[in-house]
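Both backbone and side-chain heavy atoms feed into the values below; hydrogens, waters and symmetry mates do not. A note on names: the letters A, B, ... follow the listed sequences, proteins ahead of strands, and every chain is numbered from 1.
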2 protein chains.
Amino acid sequence: MRKFNDSLPLRLLKAREAAMAFFRPLLQEIPLTEQQWRVIRALNEFEELESKQLAELCCILSPSLTGIINRLEQQGYIKRRKSPEDQRRILISLTDKAKTMFAQMSPRLEARYQEMTDRFSHEDMKTLEELLNKLCNVKP
Amino acid sequence: MRKFNDSLPLRLLKAREAAMAFFRPLLQEIPLTEQQWRVIRALNEFEELESKQLAELCCILSPSLTGIINRLEQQGYIKRRKSPEDQRRILISLTDKAKTMFAQMSPRLEARYQEMTDRFSHEDMKTLEELLNKLCNVKP
DNA sequence: AGACATTCGTTAATACATTAATAAAATGAC
DNA sequence: GTCATTTTATTAATGTATTAACGAATGTCT
């Protein structure tokens, strides 16, 4: 059988840890968790989203998202309202506080991203991203 | 700023999900969680390991590992003993039950791995693994 | 030997992941 | 229009992630 360290899922896990090491310290200053930032980042780009769309985009399952949304609301970063057409749906968007915080954080995080890419290799990074996209479309 | 879906950590997360989709169904038959299988897989290869070594290998933090070890022991898959030289260290190894289970599962999982590689591309898989290794060595 | 810091495993507290089950709203067949 | 079905969000239960703090065992220094 394949050696333990040659497992693709383990490699993906380790690689993700290595990448997150660039960003985690900045998020901890706020403080925000990795998942909270993913949610805020998605809402910054799409303005207002349904809970289900948000879960899909952020790769977070609905039950987890329920908790994340609650905590973000308590911290004053998001607001929620019910959809007028469909009373089941919850529409979520950023508060001004979140938008301000995002505006201050994003350039710092982007700089870290650049630093990571520089130390890795722009060319290889592009290749890696393409291969990861390809892997995402491989289904059992 | 970079588009939401172009984030490397998110791509790594999605790619890992896509890969795990090949193996999860088999593990659920036992049932075993992803982390439990990682621990068992490591112990199968290294016979007996200290808790700290196991954590390092499996990319699991000590506090998480404590719980995982406890549950695996209750299920009869592992046994633990104190190191004679250093009473702080815990030595962990597989039970016969675990070895039998592993022998039955590993060829099935390996077959899935092969299937995944086939559908992806052997050549690209090799490139991907090398790039992931390289990324692991990039530190802030 | 005795004070000191280190190391290893664990516990505590909070946040998230995963599956199953539930309640409420909307949809579709009749 | 009524009822079974489907969809959406939540709750429940268990397992894991992360940080801080703790206690016991070892190592170090004087």
Student: With a 4.0 Å cut-off on heavy atoms, is B:E34 in touch with a base, just the backbone sugar-phosphate, or nothing at all?
Tutor: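 The residue B:E34 makes no contact with any strand.
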Student: 5'-most contact on DNA chain D: B:G67 or A:Q28, nearest heavy atom basis?
Tutor: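 This one resolves to B:G67.
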Student: Which comes earlier along DNA chain D counting from the 5' end, the contact point of A:E17 or that of A:S64, where each point is its nearest nucleotide?
Tutor: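 With A:E17 and A:S64 compared, the 5'-side residue is A:S64.
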Student: Start with the C-alpha distance between A:R16 and A:E34, add both sets of side-chain angles, then the distance that settles salt bridge (charged side-chain N to carboxylate O under 4.0 Å, His left out), and finish with yes or no.
Tutor: CA-CA 12 Å; A:R16 186 161 201 282; A:E34 191 185 320; 2.6 Å; yes
Student: Between P on C:dA15 and CE on A:M20, what's the gap in Å once rounded to a whole number?
Tutor: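 For the pair A:M20 CE and C:dA15 P, the rounded distance is 17 Å.
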Student: State, to 0.1 Å, how close A:F102 and A:I40 come at their nearest heavy-atom pair, and which atoms those are.
Tutor: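 So the two residues come closest at CD1-CG2, 3.9 Å.
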Student: On DNA chain D, reading 5' to 3', which nucleotide is the first and which the last to sit with an atom under 4.0 Å from a heavy atom of chain B, could you check?
Tutor: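 Under 4.0 Å from chain B, the extent on DNA chain D is D:dG15 to D:dT26.
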Student: When you measure from the side-chain N and O atoms of B:R89 to the phosphate of C:dC8, is any distance below 4.0 Å, counting only OP1 and OP2?
Tutor: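 The answer is yes; a side-chain N or O of B:R89 sits under 4.0 Å from OP1 or OP2.
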Student: Looking at five pairs on each end of the helix from C:dA1-D:dT30 to C:dC30-D:dG1, what is the angle between the two axes, given to 10 degrees?
Tutor: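 Comparing the first five pairs with the last five, the axes sit 20° apart.
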Student: Listed by chain and number, what are the side chain to side chain contact (heavy atoms under 4.5 Å, CB included) partners of B:N137, not counting sequence neighbours?
Tutor: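 Once residues adjacent in sequence are excluded, B:N137 has no partner under the side chain to side chain contact (heavy atoms under 4.5 Å, CB included) criterion.
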Student: Heavy-atom contacts under 4.0 Å between residues 70-84 of chain A and DNA chain D, which residues?
Tutor: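 Residues of residues 70-84 of chain A under 4.0 Å from DNA chain D: A:R80.
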Student: Does A:F23 have any ring pair (Phe, Tyr, Trp, His ring centres under 6.0 Å) partners at least two apart in sequence or in another chain, and if so, which?
Tutor: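 For A:F23, the residues satisfying ring pair (Phe, Tyr, Trp, His ring centres under 6.0 Å) (neighbours in sequence not counted) are A:Y113.
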Student: Listed by chain and number, what are the side chain to side chain contact (heavy atoms under 4.5 Å, CB included) partners of A:S121, not counting sequence neighbours?
Tutor: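 Expected list: A:E123, A:D124, B:K134.
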Student: Of all residues at least two apart in sequence or in a different chain, which pass the side chain to side chain contact (heavy atoms under 4.5 Å, CB included) check with B:K99?
Tutor: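 For B:K99 the side chain to side chain contact (heavy atoms under 4.5 Å, CB included) partners, ignoring immediate neighbours, are B:L94, B:D96.
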Student: Both A:I68 and A:D86 contact DNA chain C. Taking the nearest nucleotide for each, which residue is further toward the 5' end?
Tutor: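 Upstream on the strand: A:I68.
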Student: Residues two or more places apart in sequence or in another chain: which of them pass side chain to side chain donor-acceptor pair (under 3.5 Å) with A:E45?
Tutor: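 With sequence neighbours excluded, A:E45 shows a side chain to side chain donor-acceptor pair (under 3.5 Å) to no residue whatsoever.
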Student: Quick one: list whatever passes salt bridge (Lys or Arg N to Asp or Glu O under 4.0 Å) with A:E115, sequence neighbours left out.
Tutor: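 With neighbours one apart ignored, the set is A:R112, A:R119.
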Student: Within the side chain of B:S51, is there an N or O that forms a donor-acceptor pair under 3.5 Å with the backbone of B:I90?
Tutor: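 No, B:S51 side chain to B:I90 backbone: no donor-acceptor pair under 3.5 Å.
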Student: Should A:R88 and A:E50 be marked as a salt bridge (charged side-chain N to carboxylate O under 4.0 Å, His left out) after you check the CA-CA gap, both sets of side-chain angles, and the distance that decides it?
Tutor: CA-CA 10 Å; A:R88 293 169 304 181; A:E50 295 175 14; over 6 Å; no
Student: Give a yes/no on whether any side-chain N or O of B:Q35 is located under 4.0 angstrom from OP1 or OP2 of C:dA17.
Tutor: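 Answer is no, no contact under 4.0 Å.
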Student: What is the distance from CZ of B:R88 to P of C:dC8, rounded to the nearest Å?
Tutor: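 Spelled out: CZ on B:R88 to P on C:dC8 is 6 Å.
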Student: Please list, by residue number, the residues of residues 46-63 of chain A whose heavy atoms come closer than 4.0 Å to an atom of DNA chain D; answer none if no residue qualifies.
Tutor: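 By residue number: A:S51, A:K52, A:S62, A:P63.
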Student: With side chains defined as the heavy atoms from C-beta onward, is the minimum distance between B:Y77 and B:L43 less than 4.5 Å?
Tutor: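 When only atoms from C-beta onward are counted, B:L43 and B:Y77 do not touch, as no gap falls below 4.5 Å.
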Student: Apply side chain to side chain contact (heavy atoms under 4.5 Å, CB included) to A:S93 and list each qualifying residue two or more places apart in sequence or on a separate chain.
Tutor: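 Result, side chain to side chain contact (heavy atoms under 4.5 Å, CB included) vs A:S93: A:E48, A:K79.
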Student: Partners of B:E73 by side chain to side chain donor-acceptor pair (under 3.5 Å), sequence neighbours excluded?
Tutor: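 Testing B:E73 for side chain to side chain donor-acceptor pair (under 3.5 Å), a comparison that skips the adjacent residues, returns B:R80.
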Student: In whole angstrom, give the distance that lies between atom CD1 of A:I69 and atom C1' of C:dA15.
Tutor: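 It works out to 14 Å between those atoms.
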Student: Should we count NZ of B:K126 as having more than 12 external heavy atoms under 6.0 Å?
Tutor: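 Incorrect, the count does not exceed 12.
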Student: Quickly work out the A:L32 CG to C:dA15 C1' distance and round it to whole Å.
Tutor: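 Computing the A:L32:CG to C:dA15:C1' distance gives 13 Å.
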